[in-house]
Amino acid sequence: MPINEKEYNGILFDQLSLLEEIQEVAEQEKAVITLKLIDKKRKQVERKLYQQPPLINNSNNVVD
């Protein structure tokens with residue numbers, strides 16, 4: 001489990017990076033269904049990354 005919000009955000013940015021790399025391959029292969037799924041997953045990750053209030057509060061606990 002992440003120690004703080006900065007670490008958690010790093011994990012989410014890593015997920016976005018992976019999605020970008022997978023998207024490159026899917027675009028080359030014209031994998032339309034895969035591209036739609038990537039877009040859905042990107043929106044889910046971004047929703048967590050940019051939500052207010054943040055997922056993790058100052059006491060290092062996940063917000064309920």
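- Contacts of D14 classified as salt bridge (charged side-chain N to carboxylate O under 4.0 Å, His left out), with partners at least two apart in sequence or in another chain: none.
- Among residues two or more places apart in sequence or in another chain, the side-chain hydrogen bond (donor to acceptor under 3.5 Å, both in side chains) test is passed with K41 by Q44.
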Listed pairs under 3.5 Å, donor-acceptor, residues 17-24 side chains, sequence neighbours left out:
unit_1 : atom_1 : unit_2 : atom_2 : d
S17    : OG     : F13    : O      : 3.2
Q23    : OE1    : R42    : NH2    : 2.5
Q23    : NE2    : E27    : OE2    : 3.0

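- The side-chain hydrogen bond (donor to acceptor under 3.5 Å, both in side chains) test applied to K43 returns D39, not counting sequence neighbours.
- Partners of K30 under the salt bridge (charged side-chain N to carboxylate O under 4.0 Å, His left out) rule, at least two apart in sequence or in another chain, do not exist in this structure.
- Placement of Y50 and Y8 within a single hydrophobic cluster is found when ILVMFWY residues are connected by side-chain heavy-atom separations under 4.5 Å, directly or transitively.
- L16 contributes atom CG, which lies 10.5 Å from atom CG of N9 (distance to the nearest 0.5 angstrom).
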